[in-house]
Amino acid sequence: MRVKKTMPFFLEGKPKATLRQPGFSSDFSISKKPNPPLSRDRGNSLGIKYDVEMPPYTLHANVGSEVFKDVPVQRPVTMPVSNRFSPKASFPPPFQMHLSRTCTKEMSDNLNQTVEKPNVMSPASYTYKMDEVQNRIKEMLTKHNNGIWMSKLPHFYKELYKEELNQGILQQCEHWPHICTVEKPSSGGQDLLLYPAQRKQLLRSDVNSGKLPPSPLPAPKQAPPFPGGAAAVPGDFKEKVAGLLVKYSSGLWASALPKAFEDMYKVKFPKDASKNLALLSDVCTVDYISGNPQKAILYAKLPVPTDRILKDAEQARGDHAKSVVKQECLQVEKNIESADPTTENVTVPPLIIPTEASPSVLVVELSNTNEVVIRYVGKDYSGAQELMEDEMKEHYSKNPKIAPVQTVHVGQLLAVNAEEDAWLRAQITSTEGNKIKVCYVDYGFSENVEKSKAYKLNPKFCSLSFQATKCKLAGLEALSDDPGLVKVVESLTCGKIFAVEILEKADVPLVVLYDTSGEDDINVNATCLKAICDKSLEVHLQVDAMYTNVRVTNICSDGTLYCQVPCKGLNKLNDVLHKIEDYFRCKHMTSEYFVSLPFCGKICLIHCKGKWLRVEVMNVHSSRTLDVQFLDTGTVTSVKISELREIPSRFLQEVIAIPSQAIKCCLADIPQSMGMWTPDAVLWLRDSVLNCSDCSIKVTKVDETRGIAHVYLFTPKNFPDPHRSINRQITNADLWKHQKDVFLSAIASGAGSPNSRGGNTPVASSAEENVRKGLTDGIKKPAADPTCSCSTTEELPPPVHLPKPGEYMDVYVPVACHPGYFVIQPWQEIHKLEVLMEEMILYYSVSKERYVTVEKDQVYAAKVENKWHRVLLKGILTNGLASVYELDYGKHELVNVRKVQPLVDVFRKLPFQAVPAQLAGVKCSQWSEEASMVFRNHVEKKPLVALVQTVTENANPWDQKVVVYLVDTSLPDTDIWIHDFMSEYLVELSKVK
């Protein structure tokens, strides 16, 4: 089951110090702050202005308004059954046949790419007409608005126009300011850079600023992600940048500019300036190194010679020159508009990746796993597209004056009348006679259509982003072109809807797909990777067969066993791991082998007991810790991310091809009357067979659906007598008496293999103890008494430090029931709590099982949703569950008593962080559910500022309480006092009633 990966807390920002500015009164005569209206829209506009009418299916204002930075690796939330999509997609009828993958590669290549425009053959005359040459150079520069080296200009000219460019023309370019701008980079050399003339009328560079250099295809333009332009930077910003670049004669990387700027001027670098380098083009030269617009070198502009300044000034004063420039600008504008007056100048906004934790996508097709064509499913995506297509059908079907296009060119946007009378947006990829080949920009595949079915696309249908996009499947990058893998991914994903975990938000995002259509969520990436394993290396147990030299590698708390059986796959695995050991011994370990982006299902290596072993990431707790399962022993443990290593590329295919060598088994013929496995039974079984390499098994049944084999287990001295098998011995032994409130802890529950159920909880083995040896050696273990109980004399941490009445503190609110009861955490201590939680995960995942006699009102460590918490035990239920109170988060939870362990001394140092609180300044005898919900929406999981009114001390740290005013300081100019807001809400509510 996929479990939501979370940090121990959710932070949405840091409280601002608005209330603690000099001169602010800190007594109780609190001045009223402006109160916000009871309902308001906190969303912000995308800020994109269109010259055409915006239809009702335009993207919602909140889409893409949030930018997440420095966020730990995320897991998508488990989707409720009611919200899960059917795995089968409903394509429009005429396009279902296109999912047959007959032209997958061809279609995928068309998506998000531009097609080269056919070469235009010039007349076979080499007589240069100056105006024709100037227009051609202008045309070339419009397609390369980031500049062309002058030495490269003849090559591009000949390639495009099939003519030689006279070298004398190059010398005249410098004197054509209305045609181009000529600059000499400060990096040295004799070559010059040619840029388009710096005029808005020529190229509309204000629309295209900050984008990649356009390709030769006149494709529809995507709106820039930062439309603010120069208005977003301070007035003296450019001058400071120019002064800074003078110190770097060899140029400065654009990525290093923010730090160099802040170091020199001691002021904050404007947030979006580095994302729009075109803003700096008038004070420096931007030399783009690759297709990445952020990978560029900035050079200071050289001072213009005095004679050049005089010459330019003389030119500028010429009325005739001005009129020529103006006429040429208007002519270029006219030419651009005349090409296709309805769509050529329309800007199509870029597709924004959804900000929700686990968006849904429809997989359309793929040519390889690095180019999977998908469509986002949701109101602002597929829903908006359906509305648009309905409006297109209405517009084109009922308007007889609209005629099919007469002339077409590659890259042109069209409205195509497809089968079933569907109207879809398409882009031309090639033409041939009366037929044109188009790519449906909202579906991602191509087909040939008659020209009579193609119509000019009305600009109002360009306000919605193209819905078809690409993604890359995480963990499959190195094998992306493997035919077997592509076939498996294709069969499992195409035409189906999945929940998606986005690991990297880029032009082609890196994702993990999850099938949420069944009871358990299935990691599709991991499933595809395991499906291409070498079948000849798998172990297939046969019923009634005997196997010797079997090694029991892991025993779970419900009696489930993991075994290794000698076979071809195990021998192959040992050989490959030995090669990897030699490789790492001979090669210096560099940063490329450290795991930088862990995600569930990722296969990597860990060094354990002097050798490298394969592990699969099962759950990511935070940016430092995660759960892994040893693929070949079945053991689950928690480790630090820094201990994992990437599989060297030369061994990757071999390692992935070997299936897991851990075989899941259970003891056959154990009477059902035995009930749940007791700690005594588990410990006896572990002592008898764990890590014994010469056991034997006899298979009685193989349950393919659960992936488990029922076996008789024998030790060497008892083989093959069935009456002396481990099954008979454990049944006859006095190991099944349940003691009241005495349980064996369940280690790493919920983090087992995807096929595990219920109590199938792995327990720690010597492998994990070796992995975490450094940690456990540094922590003093409690007494070795097998029936440990935490007495009231054990040391408790000191109470959390709280300010005096009248003082302020930054807080975080993890839980809010109503204004009469909520929980706050001191903001300054949250990082310490995060570190503590990670250390508890690492410690308890490898510590040995302890008998625990649990007592009410005592402090323990308990595992809640894959994390270990410090808890106060409030009561024990008859069904084996315990009611606990999380001392650091203020939540009440029910956990299995098996998941309760003693809280060791090292975790008793940090004060308990949850402080119960009450809102000051407002009174109500009983808060309604509606009022409580309004309060929760304004304070829960938010950083706030608290003004302490009273503090109630108590002998027990968890019983101290505070009465505070809460202030939301997230707005730039207004502090929202929550008690004022709630008071006005109650007044308005009373008027309604």
Side-chain angles (χ1 to χ4, degrees), residues 2-14 66-78 353 355-358 474-475 500-506 509-512 514 523 525 589-607 615-629 636-646 748 750-751 768 771-772 774-775 812 814 825-846 863-870 886 888-889 907 910 913 941 943:
R2 188 172 89 258
V3 183
K4 179 182 178 183
K5 196 291 303 177
T6 62
M7 291 287 286
F9 51 89
F10 291 93
L11 302 182
E12 300 180 8
K14 182 177 179 180
E66 298 179 29
V67 179
F68 295 94
K69 295 183 178 179
D70 299 326
V71 179
V73 182
Q74 296 185 350
R75 302 271 353 267
V77 296
T78 301
I353 297 176
T355 57
E356 60 189 285
S358 182
V500 62
E501 174 190 3
I502 302 175
L503 303 177
E504 286 183 350
K505 292 189 175 181
L510 184 68
V511 305
V512 179
Y514 288 93
N523 185 321
N525 298 37
M589 183 72 70
T590 58
S591 59
E592 66 178 305
Y593 295 110
F594 287 82
V595 175
S596 59
L597 186 61
F599 54 88
C600 289
K602 181 178 178 64
I603 308 296
C604 42
L605 301 173
I606 192 169
H607 201 255
V615 293
E616 178 182 357
V617 177
M618 305 303 297
N619 185 46
V620 181
H621 292 292
S622 68
S623 59
R624 293 179 62 233
T625 59
L626 43 71
D627 291 338
V628 297
Q629 182 176 37
V636 175
T637 188
S638 298
V639 299
K640 292 182 179 178
I641 295 176
S642 59
E643 298 180 54
L644 301 180
R645 297 292 181 271
E646 296 283 0
E768 295 103 302
V771 171
R772 294 262 42 93
L775 173 70
Y812 183 77
Q825 295 172 326
W827 178 272
Q828 302 300 332
E829 301 293 315
I830 284 182
H831 177 67
K832 295 180 182 178
L833 176 59
E834 177 189 357
V835 173
L836 174 74
M837 296 285 291
E838 292 174 346
E839 295 299 331
M840 289 180 67
I841 290 172
L842 294 172
Y843 174 78
Y844 285 105
S845 68
V846 300
K863 193 171 188 181
V864 182
E865 294 183 353
N866 290 313
K867 294 183 182 293
W868 285 89
H869 292 259
R870 301 187 296 181
E886 295 178 4
D888 295 305
Y889 293 92
F907 302 132
L910 182 70
Q913 297 296 293
K941 290 183 171 49

Novice: Does His621 offer a backbone N or O that forms a donor-acceptor pair with the side chain of Lys867 under 3.5 Å?
Specialist: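 Checked: pair present.
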
Novice: When you measure from the side chain of Asp627 to the backbone N and O of Ile841, does any donor-acceptor pair fall under 3.5 Å?
Specialist: no

Novice: Can you sort out the partners of Arg624 under salt bridge (charged side-chain N to carboxylate O under 4.0 Å, His left out), two or more places apart, ordered by chain and number?
Specialist: Glu838, Glu839

Novice: Measure across Phe599 and Gly475 and return the closest heavy-atom pair with its distance rounded to 0.1 Å.
Specialist: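 Closest approach of Phe599 to Gly475: CZ-N, 3.5 Å.
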
Novice: Roughly how far, to the nearest 0.5 Å, is the CG atom of Asn525 from the CD1 atom of Ile603?
Specialist: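 One gets 11.0 Å once the value is rounded to the nearest 0.5 Å.
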
Novice: Which heavy atom in Pro814 sits nearest to a heavy atom in Lys941, and how many Å separate them?
Specialist: O-NZ, 3.5 Å

Novice: Show the numbers, then the answer: is there a side-chain contact (heavy atoms from CB on, under 4.5 Å) between Leu833 and Tyr889?
Specialist: CA-CA 10 Å; Leu833 176 59; Tyr889 293 92; 3.6 Å; yes

Novice: Is there a side-chain contact between Asn523 and Tyr514, using heavy atoms and a 4.5 Å cut-off?
Specialist: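 Yes, close enough: below the 4.5 Å cut-off.
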
Novice: Not counting sequence neighbours, which residues clear salt bridge (charged side-chain N to carboxylate O under 4.0 Å, His left out) with Glu646? List them please.
Specialist: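 For Glu646, the residues satisfying salt bridge (charged side-chain N to carboxylate O under 4.0 Å, His left out) (neighbours in sequence not counted) are Lys602.
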
Novice: Could you list the residues that satisfy salt bridge (charged side-chain N to carboxylate O under 4.0 Å, His left out) with Glu829, not counting sequence neighbours?
Specialist: Lys832

Novice: How close do Val512 and Ala474 get, counting heavy atoms only, and between which atoms?
Specialist: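 Val512 and Ala474 have their closest heavy atoms at CG2-CB, 4.0 Å.
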
Novice: Checking Asn619 side chain against Asn866 main chain: does a donor-acceptor pair fall under 3.5 Å?
Specialist: no

Novice: Could you walk me through whether Val835 and Leu910 pass side-chain contact (heavy atoms from CB on, under 4.5 Å), step by step?
Specialist: CA-CA 11 Å; Val835 173; Leu910 182 70; over 6 Å; no

Novice: Looking only at non-hydrogen atoms, find the nearest pair between Val500 and Val511 and report the distance.
Specialist: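 So the two residues come closest at CG2-CB, 3.4 Å.
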
Novice: Please round to the nearest 0.5 Å and tell me the distance separating atom CE of Met618 and atom CD of Gln629.
Specialist: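 Met618 CE to Gln629 CD: 5.0 Å, rounded to 0.5 Å.
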
Novice: Testing the basics here: between Arg645 and Cys604, what is the closest heavy-atom pair and its distance to 0.1 Å?
Specialist: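 Of all heavy-atom pairs spanning Arg645 and Cys604, the closest is O-CB, 3.2 Å.
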
Novice: List the residues meeting side chain to side chain donor-acceptor pair (under 3.5 Å) with Asp888, not counting sequence neighbours, and say none if there are none.
Specialist: Arg870

Novice: Does the side-chain contact (heavy atoms from CB on, under 4.5 Å) test come out yes or no for Val639 and Val615, once each step is laid out?
Specialist: CA-CA 11 Å; Val639 299; Val615 293; over 6 Å; no

Novice: At what distance, to the nearest 0.5 angstrom, does CD1 of Ile641 lie from OG of Ser622?
Specialist: 6.5 Å

Novice: I need the Trp868 CH2 to Tyr843 OH distance, nearest 0.5 Å.
Specialist: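 Interatomic distance, Trp868 CH2 to Tyr843 OH, rounded to 0.5 Å: 10.5 Å.
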
Novice: Measure the spacing between NE2 of His869 and CZ of Phe907 and express it to the nearest 0.5 Å.
Specialist: 13.5 Å

Novice: Ring pair (Phe, Tyr, Trp, His ring centres under 6.0 Å) with Phe594: which residues, sequence neighbours excluded?
Specialist: none

